[in-house]
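Okay, structure first, notes after.
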Number of protein chains: 2
Amino acid sequence: MATLKDLSRHLGLSVTQVSRALNGHSDVNEQTRARVQEAAKLLKYQPNISARRLVTGRSGTVGLVVPPPVSTDGHAVFVEMISGLSASFAQQQVHFLLHVINPQEDPVAVHRRLIDSAALDGFVITDPVMNDPRIAFLRKRDVPFVVHGRLGDKNDFAYFDIDNYAVAHRLTAHLTGLGHQRIAFLNGVPGRTYVESRLRGHVAALAAAGIAHDPDLHRNGMMNRNFGLTETIRLMLPGSCRPTAIIAGNMLIALGVYDALQALGLRISADVSVVAHDDHLPGATAESLFPALTTTSAPLKESWGPMASLLVQALDGQPIETLQKMGGIAFFDRASCGRL
Amino acid sequence: MATLKDLSRHLGLSVTQVSRALNGHSDVNEQTRARVQEAAKLLKYQPNISARRLVTGRSGTVGLVVPPPVSTDGHAVFVEMISGLSASFAQQQVHFLLHVINPQEDPVAVHRRLIDSAALDGFVITDPVMNDPRIAFLRKRDVPFVVHGRLGDKNDFAYFDIDNYAVAHRLTAHLTGLGHQRIAFLNGVPGRTYVESRLRGHVAALAAAGIAHDPDLHRNGMMNRNFGLTETIRLMLPGSCRPTAIIAGNMLIALGVYDALQALGLRISADVSVVAHDDHLPGATAESLFPALTTTSAPLKESWGPMASLLVQALDGQPIETLQKMGGIAFFDRASCGRL
DNA sequence: GCATATTTCCGAAACGTTTCGGATGCCGCC
DNA sequence: GGCGGCATCCGAAACGTTTCGGAAATATGC
């Protein structure tokens, strides 16, 4: 309600000086600055962001444009993402605009409108695909953005990602270390970057152990429980050359693997070793399975804070090379693996 | 990128007139208006909302301040709410700001900051409680808002709600019509308005059939599967005077009721009739149960569109009395009830 | 033909902030 | 005493839009 003019009148200072005092500029007496800040608190001064953004050209608002989640699996990720981002941006004093589009709508057009009306000055991009039109557009318009994930080799933008190569490498090496040779890998849908990175890490770890990669043991699919179940059953068909260990791309797949092995009467660890990567989505924890599941661990919920920081730094004009961050992964050796 | 000044130069008109033409004012020649609109399209003119909101004092943005969802049950509602609201507001050309607070934070303080910085000009209020401080604050500051649900009798604000009295009345009357006298009601946590409304509707329908309400048959609790399961078992304990029919407050409760009756060896419909209210949350559909569940139906997802419209109308200064809307309820008689 | 509406237009001010360029006073220094 | 340097301040312009009050041109009524 109170404006700069009110403050300046109240303090006997110019509007200019009040503004500079509050914004931490150097040419203002420390004593005056204190007075100004006190008065601001007293009069409950809140800067009018419309006025500010009009002159600075920046809105103090970032946005996320997404289609609504489809499956119930998607719900958990959606909730975590939305609430994580919103809370993180709030902490950084940045407003978070959410625009849920219907799936037919063109996301680029929405981004364009949002930019042209000067409503937003930065974006979060999730679920990037190869040659993503959103990324191309934002780059062309020179609008800051941060991507959750990466694309192939050329990543000349701010991103946060986990080291998916390392994930698969670590899991595979753990199994080869126990003497396993025939290791199945239930990976995600082909084309997604993290799926390809994991495949590379997997193959590299096999090679390091002197094992040739058998394409038949590598399966792609939607990362849900059903995929884990059906593929495990197919892998274990009598007559086929069974794997002695299975890597599950996430916890849902792992649940399906457990279901299938149990149904087939195979003992986990004793007969078949199982490992998985754990995003820490609600619903399935590695410790609560029986036997407790050995995993690499990289909680998805820990990405949103860094994502927000990166975007804010990008808004502040920091060079992109300093804004590429990888989340760490941990490894928990539990009870689901046996030595061969 | 293009501004009004650009347009006015390009058209040989004053900035004033261009603005009025675009905003549909009356004192502009229809022919000129057409020219202006064409030029606007040509130059890809997008009004700078910061400038607009600075002079109008309105931001074209509404907000929702919520804590993150807790349980996995809450996820489905959260997702539906967030995506429904966002999409609906987008359709109405209103920006939707989401602010997820941590549960300790004071929501009123957040609302205050958002208002004082002129960032938002309207709010959506969900999960209202009696004497809600958010509502009191927004009313005091004379900021438009719309509430999902109602509070007791005094509702001098815009709201969207379903007729919970009618829901319980309808379900109860259906059962009394089949000759049931001892009807249990598994209702939500006490204090919530819809819970109380439902109780009133229930009691009224009983009275209309000449049946006295037995408080022992009315149970309150968290509306989840476990509540339905445990309360049904307690209701059916041998020695107690068993109900012949059960009303479940929502589908999760109904799932628990089905589980319990099956476990107890009681046949649904033949031994015990079951009805429920169905919010159409993903995960449980009334038709897919066996036997198919008789329900009142009021999809939660149909509230967000009306909610958005109501808030937009409130922003336009429409009188509150015209902004109180009730969602309709449907009744589906399926296979879960038997005549006594 | 004159006064009065009506239609269509415009200039200027205003919203609240940031920032550019300059002003003022004071200090020490030669 | 003059001069440069520093610390501290201020006036005015600018951002892009809406709107108030009025002006000009045209139509209407007698």
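Sequence lines set the chain letters: A, B, ... in the order given, protein chains first and strands last, and positions in each chain run from 1. Just so it is clear, the structure is predicted and the values come from calculations on it, not from any experiment.
- In this structure, the CG atom of B:L22 is 16 Å from the P atom of D:dG16, given to the nearest Å.
- Atom CG of A:L7 is separated from atom P of D:dC10 by 14 Å (rounded to the nearest Å).
- Checked against the 6.0 Å centroid threshold, A:F123 and A:F145 do not count as a close aromatic pair.
- The pair A:D156-A:R139 meets the salt-bridge criterion, since a charged nitrogen lies less than 4.0 angstrom from a carboxylate oxygen.
- Between A:E38 and A:R35, no side-chain nitrogen of the basic residue sits less than 4.0 Å from a carboxylate oxygen of the acidic one, so the salt-bridge criterion is not met.
- In this structure, A:R141 pairs ionically with A:D116, as a charged nitrogen and a carboxylate oxygen lie closer than 4.0 Å.
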Under the side-chain contact (heavy atoms from CB on, under 4.5 Å) rule, what do B:V66 and B:D127 come out as? Steps first, then yes or no, please. CA-CA 9 Å; B:V66 280; B:D127 288 318; over 6 Å; no
For the pair B:I135 and B:L138, evaluate side-chain contact (heavy atoms from CB on, under 4.5 Å) and give the outcome as yes or no after the intermediate values. CA-CA 5 Å; B:I135 295 183; B:L138 292 177; 6.0 Å; no
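- Contact between the side-chain N/O atoms of A:N29 and the OP1/OP2 oxygens of D:dA7 is not found at any separation under 4.0 Å.
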Atom pairs under 3.5 Å, N or O on each side, protein against nucleotides 17-27 of chain D: can you list them with distances?
from	atom 1	to	atom 2	distance (Å)
D:dT17	OP1	B:Y45	OH	2.6
D:dT17	OP1	B:N48	N	3.3
D:dT17	OP2	B:L4	N	2.6
D:dT18	OP1	B:N23	ND2	3.0
D:dT18	OP1	B:R52	NE	3.0
D:dT18	OP1	B:R52	NH2	3.2
D:dT18	OP2	B:S19	OG	2.6
D:dT18	OP2	B:N23	ND2	3.4
D:dT19	O4	B:T16	OG1	3.1

Start with the C-alpha distance between B:Q92 and B:S309, add both sets of side-chain angles, then the distance that settles side chain to side chain donor-acceptor pair (under 3.5 Å), and finish with yes or no. CA-CA 8 Å; B:Q92 308 242 12; B:S309 303; 3.0 Å; yes
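- Looking at which nucleotide of DNA chain C each of B:L13 and B:L54 is closest to, the 5′-most match is held by B:L13.
- In the displayed structure, B:H280 atom NE2 is contacted under 6.0 Å by more than 12 heavy atoms of other residues, nucleotides or ligands.
- Using a 4.0 Å cut-off between a side-chain N of Lys or Arg and a carboxylate O of Asp or Glu, A:D27 and A:R20 qualify as a salt bridge.
- Within residues 30-39 of chain B, no residue approaches DNA chain D, by heavy-atom distance under 4.0 Å.
- Computed from C1' positions of five pairs at each end, the angle between the two local axes of the helix from C:dG1-D:dC30 to C:dC30-D:dG1 equals 50°, rounded to 10 degrees.
- Counting heavy-atom neighbours within 6.0 Å of B:Q37 CD, excluding the residue itself, gives a total above 12.
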